[in-house]
Amino acid sequence: MTVTLLLVITVLAGALSLYDGIVRLRGKRGNSILAIVEIVAAALMLLALFGILTTALGIGILSVILEIVLVLQLIIRGSTRRGGAAITVIALILNTIVLIVAFNIFQIPGLN
């Protein structure tokens, strides 16, 4: 496996989403179902990225699921600690880059 910029961005998006889901799940208020879906999608994305787990869902589909959940997490605000929304926004931006490159919507030089 060669280390590329897209691999680093995908790992960061998955790790930040996993962290965000864990922080939101530990909160006393909020939608815990969305946090569980976020944790599962981020973990599957990281495992599928490194070839540990082969799923019928590819990185692109898992990225779409994660994108929807992250947007819903921003809309439905739960009880997160200070700066929790910033982690969600950063994970959303990184996941959007992964989504754009995965479906070849826009060609970004150096990310192929």
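Source: prediction; values computed, not measured.
Atom CG of L99 sits about 11.5 Å away from atom CD1 of I65, to the nearest 0.5 Å. Residue D20 holds its CG atom at 6.0 Å from CD of Q73, rounded to the nearest 0.5 Å. A distance of 5.5 Å separates CG of L7 from CZ of F50, quoted to the nearest 0.5 Å. Here L6 contributes atom CG and L49 contributes atom CG; the two are 8.5 Å apart, rounded to the nearest 0.5 Å. We find the CG-CD1 distance between N95 and I9 to be 11.0 Å, quoted to the nearest 0.5 Å.
Across all non-hydrogen atoms, the minimal contact from A35 to G21 is CB-O, 3.7 Å. Closest heavy-atom contact between M45 and T10: CE-O, 3.8 Å. Between L66 and A41, the shortest heavy-atom distance links the atoms CD1-CB, 3.9 Å.
The side chain to side chain contact (heavy atoms under 4.5 Å, CB included) search around I105 returns I100, F103, not counting sequence neighbours. Every residue two or more places apart in sequence or in another chain that forms a side chain to side chain contact (heavy atoms under 4.5 Å, CB included) with L18 is listed here: I22, I39, A42, A43, L46.
Screening L16, V69, V71 for a side-chain contact (heavy atoms from CB on, under 4.5 Å) involving L92 leaves a single residue, V71.
Side chains of I76 and L34 form a contact here, defined as non-hydrogen atoms less than 4.5 Å apart.
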field: Stepwise side-chain contact (heavy atoms from CB on, under 4.5 Å) test for L70 and L74
entry: CA-CA 6 Å; L70 286 170; L74 279 178; over 6 Å; no
